[in-house]
Amino acid sequence: MTRSLQKTSPVLDGADSVVVLDFETTGLSPTQGDRAIEIGAVLIEHGQITDRFQQLMNPGFRISGFIENYTGITQEMLESAPPCEEVMAQFADFIGDHNLVAHNASFDRRFLDAELGFIQRDYGGGFACSMLIARRLYQEAPSHKLGVLVDYKNIPNDGVFHRALADSEMTARLWLLMLEDIKEQYSIAPVSFGLMQEVSQKPKASVARFLRAQA
DNA sequence: TGCCAGGCCCTCTTTAGGGCCTT
């Protein structure tokens, strides 16, 4: 169950389309045998969401009760889903060479790399982490979990968490809000993907100075 | 039955340890 995002005023230039993605998985580590069980993603173009991707996938083994409770995704739901390889081939076509964004991107990147590796596919875009940027822009936030940031920044949501498309849509709203905040606070426009990547790598204490120098 | 990973970041740091964040 999803719904459209409210329109957001464009703050990106035309070349800075990004795909915001989120995996639900059987656990924390693909190197320990964990697999993806759902992928959700939205495409942002010109500062607005223009496309969506959501698909459950069958990892080929029984998932834990913890994951069923955490995500609401049941074993029964996965038994009727297509295998990971089929879904990830479709998803590789969806992301193409777009730049990518995820909340705690190191996690999603590990699974993206692992699942695409199984089918000998790759991607050509960069990867940015909304959590690392939020830690720098919103240093006073009570935490930088996605759900806490959504509440802290009053980001509209339908109350669904830990499902791939819902989390990717909330991450996309957070991403667009961070672009708006940088634009308004530092008079930078357009705010490029490359600039956001740079922000994510700056020491916390020097981010404001760095952004002021970009104006 | 209980536990498992990994990158980032802070500090009582760098010859380390532990919290945060993702499922």
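Values below: all heavy atoms of this structure, side chains included; hydrogens, waters and symmetry mates excluded.
- For A:T50 and A:E45, the side-chain atoms include at least one donor-acceptor pair closer than 3.5 Å.
- Taking atom CZ of residue A:F111 and atom P of nucleotide B:dG6, one finds them 11 Å apart after rounding to whole Å.
- The backbone N or O of A:M88 lies less than 3.5 Å from no partner atom in the side chain of A:E115, so there is not a single donor-acceptor pair.
- When the P atom of B:dC8 is taken as reference, atom CZ of A:F127 falls 13 Å away, rounded to whole Å.
- Here the CG atom belonging to A:L78 is positioned 5.5 Å from the CD1 atom belonging to A:I37, to the nearest 0.5 angstrom.
- Minimum heavy-atom separation, A:S29 to A:D34: N-OD2, 3.0 Å.
- The number of heavy atoms from other shown groups lying within 6.0 Å of CD (A:E79) is above 12.
- Nucleotides B:dC12 and B:dG18, compared at atom C1', are 12 Å apart to the nearest Å.
- The distance from atom CG of A:D34 to atom C1' of B:dC4 is 9 Å, rounded to the nearest whole Å.
- If you measure from atom NZ of A:K202 to atom P of B:dC10, you get 15 Å, rounded to the nearest angstrom.
- Note on A:F161: it does not cluster hydrophobically with A:L21, by side-chain heavy-atom contacts below 4.5 Å among ILVMFWY residues.
- In the hydrophobic cluster analysis, where Ile, Leu, Val, Met, Phe, Trp and Tyr join through side-chain heavy atoms closer than 4.5 angstrom, A:F127 is grouped apart from A:L146.
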Verdict with reasoning, A:V19 to A:Y123, per side-chain contact (heavy atoms from CB on, under 4.5 Å): CA-CA 12 Å; A:V19 168; A:Y123 55 95; over 6 Å; no
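- Nucleotides B:dG2 and B:dG6 have their P atoms positioned 24 Å apart, rounded to a whole Å.
- Comparing the P positions of B:dC3 and B:dC10 gives an interatomic distance of 29 Å, to the nearest angstrom.
- Side-chain atoms of A:R163 never come within 3.5 Å of backbone atoms of A:G72 as a donor-acceptor pair (strictly under, hydrogens ignored).
- The P atoms of B:dC8 and B:dT13 are separated by 22 Å, rounded to the nearest whole Å.
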What string of B, S and - do you get for nucleotides 17-23 of chain B, 5' to 3', if B is base contact, S is sugar-phosphate-only contact and - is no contact with any protein heavy atom under 4.0 Å? ---BBBB
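- Spacing of P atoms, B:dC20 relative to B:dT15, comes out at 25 Å, to the nearest Å.
- Here the separation of B:dT23 from B:dC4, taken at their C1' atoms, is 13 Å to the nearest Å.
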Fill in the dot-bracket string of DNA chain B, one character per base: . for unpaired, | for a pair to another strand, ( ) or [ ] for pairs within the strand, taking Watson-Crick or G-U pairs under 3.5 Å. ....(((((((....))))))).
